[in-house]
Number of protein chains: 2
Amino acid sequence: MGDTISTDAEIFIAKFSSYVDLSEAEIRVIEELTRDCMAFDENQDIIQESEKNASAYLLQSGWAIRYKIVPNGGRQIISFLLPGDIFGFRESLFDLSDDSVQALTPVRVHRIPAEKIADICDNSTNLSLALTWARAREQAILMEHIVRLGRRNAYERLGHLLLELLHRLQLVDKAGRSDYFLPLTQEVLADTLGLSIVHVNRTLRKLRNDRMIELDPQTRRLKIIDQEALSERAGYDQTFLDQSALTQDCVNDAVG
Amino acid sequence: MGDTISTDAEIFIAKFSSYVDLSEAEIRVIEELTRDCMAFDENQDIIQESEKNASAYLLQSGWAIRYKIVPNGGRQIISFLLPGDIFGFRESLFDLSDDSVQALTPVRVHRIPAEKIADICDNSTNLSLALTWARAREQAILMEHIVRLGRRNAYERLGHLLLELLHRLQLVDKAGRSDYFLPLTQEVLADTLGLSIVHVNRTLRKLRNDRMIELDPQTRRLKIIDQEALSERAGYDQTFLDQSALTQDCVNDAVG
DNA sequence: CGGGTCGTTGAGCCGGGTCAAGCTGGGTGG
DNA sequence: CCACCCAGCTTGACCCGGCTCAACGACCCG
């Protein structure tokens, strides 16, 4: 993550620009939104369970997770929040949302009060569309996670997740061609994939032995050696992430 | 489902009314939207994989599933679509959405072209909010499904799902106090819960033996004998479905 | 130097999968 | 009206992927 970003707005401008043409004014709006910023430490909660908080957040840097605790004490990680992601809007609609968002690494976010969101959406179809698109994409990722949990074995789950993270990070320029910084403990992987820590450990070993990945537990650098082979083996199809798949036709239809 | 609905609009009006106050004009919009209607037979696809179709659907009657096929031939059911549900909007944003929607029973839907959606949202904050809320709720259900698959055993998964369906059906007046018509084969349950057919069968038997449920495979009538006990046993908390949890504060914030 | 967090490995067990067979009831054609 | 078929349900026997328990190792930090 040693890249240099001149302003915090850049990552969001780049992300949105890949599927809509932003005007000068819209770019200025984004720059204003990203002017002030909140920092969270590792393991600190960003949104607490049952917090009534009508605002959204732009994730500037670092990794976060959305998770729920089940009655018997277990934790299920629902999704990863990566730089460039937007979150927290849905929660604001419910009095009680029983999921929480927590920083996995030091994190920087930009908070957007709900009234500002409404204001922005009213005044810019492009930005309104961007928000709609971000939510649609988030939903596609959740659906893929359901398939991963329901119909894949441990080896496939791990391979599939590692590929998804690679591609999501690449879209925001936070990964190399085949490697990235993976700040996850084996416990976090286990709680994401519905597996035990021990089995995650053994499955990672298998992936290493098969020369699918290289992972240095010290530096936390993950390298996917053969994306093609791993995609095949894990049943990975990155269609669900493609933002280029948004056609201008659809855009026009959707905004009327 | 022998209830009498004077017009198709009623179910949606009732649903939306539970968290926003609809104006006369908005009610007329809904009535117009539900004027014409498409019918699908059992097992017929409503939205095909990779269909580029910029429209949304209101589900009037019947059950449908959203699912994906995995490379090795398995099927994962991602969600159930019940009367009163809205679907198909997200798909319209992507060129390729790799999930499909299929009727489980005979189904009636109202199709809404994308430009009409945009038009409606522009002219009614209430209806725009309703759409936003419906999406948020759908996402909450997906998240709960992830927890179910990742951190619960077969017994809990089944119990949890049967309770969720009861409560969702009750909200649209399609279930009794503790029983409903469940048009699902054990294969459908298996593909939803990430289990094998055989194990679903045995687990249903356990639920019956424990006097948690009664289920007649012929009539397909399911009765949940002790909701309290089953909720406890399955770790079920219906918070994630509560629409009353939408506070007026939030509404005001969200629409600015 | 001691404690804490995370990773690693072995041994044994069990929840749930697989395979295979039989059952049941409704639908269809002769 | 019966014979057959077929989809869905049921049950038994066996197996295996993944879990649990337990111990140990490696590193970091105070």
Side-chain angles (χ1 to χ4, degrees), chain A residues 41-43 63 70 72-77 102 104-105 148-161 181-210 213-222 233-234, chain B residues 41-43 63 70 72-77 102 104-105 148-161 181-210 213-222 233-234:
Chain A
D41 281 339
E42 217 168 309
N43 296 327
W63 288 45
V70 292
N72 62 301
R75 172 180 68 163
Q76 177 63 44
I77 293 175
Q102 188 180 63
L104 273 185
T105 68
R148 193 156 52 203
L149 289 168
R151 280 287 171 256
R152 299 191 212 274
N153 62 28
Y155 194 97
E156 295 162 347
R157 286 183 210 181
L158 250 174
H160 194 278
L161 176 64
F181 174 67
L182 180 77
L184 309 183
T185 64
Q186 295 183 354
E187 183 176 12
V188 168
L189 286 170
D191 287 350
T192 303
L193 297 174
L195 300 169
S196 67
I197 301 178
V198 173
H199 201 61
V200 166
N201 182 292
R202 291 196 234 266
T203 307
L204 280 172
R205 165 160 309 284
K206 248 180 244 169
L207 283 162
R208 264 188 263 116
N209 286 345
D210 291 352
I213 63 170
E214 274 167 8
L215 175 57
D216 180 348
Q218 247 51 57
T219 68
R220 299 246 120 114
R221 197 85 200 165
L222 174 81
R233 192 69 206 295
Chain B
D41 280 340
E42 218 170 307
N43 295 328
W63 288 45
V70 291
N72 62 301
R75 173 179 69 162
Q76 177 63 44
I77 293 174
Q102 188 180 65
L104 273 185
T105 68
R148 194 156 52 202
L149 289 169
R151 279 286 170 257
R152 299 192 211 272
N153 63 27
Y155 195 96
E156 294 163 347
R157 285 184 210 181
L158 250 173
H160 194 277
L161 176 65
F181 174 67
L182 180 76
L184 308 182
T185 63
Q186 295 183 354
E187 183 176 13
V188 168
L189 287 170
D191 287 349
T192 303
L193 299 173
L195 300 168
S196 67
I197 301 177
V198 173
H199 201 61
V200 165
N201 183 289
R202 289 197 235 265
T203 307
L204 279 172
R205 165 161 309 284
K206 247 180 245 167
L207 282 163
R208 263 188 264 117
N209 287 345
D210 290 353
I213 63 169
E214 274 167 9
L215 175 58
D216 180 348
Q218 246 52 54
T219 68
R220 299 245 118 115
R221 198 85 200 165
L222 174 81
R233 193 68 207 299

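Just so it is clear, the values below take in all heavy atoms, side chains as well, and ignore hydrogens, waters and symmetry mates. The chains referred to below are lettered A, B, ... by the order of the sequence lines, with proteins before strands, and numbering in each begins at 1.
- A:R220 contributes no side-chain N or O that, together with a main-chain N or O of A:P183, makes up a donor-acceptor pair within less than 3.5 Å.
- No side-chain heavy atom of B:R157 sits less than 4.5 Å from a side-chain heavy atom of B:T203.
- Atom pair A:D216:CG and C:dC6:C1' shows a separation of 14 Å (rounding to whole Å applied).
- If you check distances only, the side chain of B:R202 never reaches the base of C:dG15 with a donor-acceptor pair under 3.5 Å.
- Comparing the helix axis at one end of the helix from C:dC1-D:dG30 to C:dG30-D:dC1 with that at the other, each defined from 5 consecutive pairs, gives an inter-axis angle of 40° (nearest 10°).
- Rounded to a whole Å, the CD atom of B:Q218 is 17 Å from the P atom of C:dC23.
- The closest side-chain heavy-atom distance from B:L204 to B:L189 is below 4.5 Å.
- Looking at B:V70, B:N72, B:I77 one by one, the single match for side-chain contact (heavy atoms from CB on, under 4.5 Å) with A:R151 turns out to be B:V70.
- Taken residue by residue, residues 188-200 of chain B places heavy atoms nearer than 4.0 Å to DNA chain D at B:V198.
- Across the protein-nucleic acid pair, A:L184 atom CG and C:dC6 atom P stand 12 Å apart, rounded to whole Å.
- Proximity of B:R205 to the phosphate of D:dC9: no side-chain N or O atom is located under 4.0 Å from OP1 or OP2.
- With hydrogens and angles ignored, the 3.5 Å screen pairs no side-chain donor or acceptor of A:E214 with any backbone N or O of A:R208.
- Distance A:L104 CG to C:dC6 C1': 15 Å, rounded to the nearest Å.
- Separating the CG atom of B:N209 from the C1' atom of D:dT11 is a distance of 13 Å, rounded to the nearest angstrom.
- The CG atom of B:L215 lies 8.0 Å from the CD atom of B:Q186; values are rounded to the nearest 0.5 Å.
- For D:dT10, one of the phosphate oxygens OP1 or OP2 lies less than 4.0 angstrom from a side-chain nitrogen or oxygen of B:Q186.
- Under 4.0 angstrom from either OP1 or OP2 of C:dT8 there lies at least one side-chain N or O belonging to A:N201.
- Residues A:T185 and A:I197 are not in side-chain contact: their nearest non-hydrogen atoms beyond the backbone lie 4.5 Å or more apart.
- Partners of B:R75 according to the salt bridge (charged side-chain N to carboxylate O under 4.0 Å, His left out) rule, which considers only residues two or more places apart in sequence or in another chain, are B:D191.
- When side chains are defined from C-beta on, A:I213 does not count as touching A:L158, because their heavy atoms never get closer than 4.5 Å.
- At the heavy-atom level, B:R157 lies nowhere under 4.0 Å from the strands shown.
- Summary of the strand contacts: B:A154 and A:P217 both lie near DNA chain C, and taking for each the nucleotide with the nearest heavy atom, the more 5' one is attributed to A:P217.
- Distance CG (A:L158) to P (C:dG7): 12 Å, rounded to an integer number of Å.
- In this structure, B:K206 atom NZ and D:dT10 atom C1' are separated by 15 Å, rounded to whole Å.
- Atom pair B:N153:CG and D:dG17:C1' shows a separation of 16 Å (rounding to whole Å applied).
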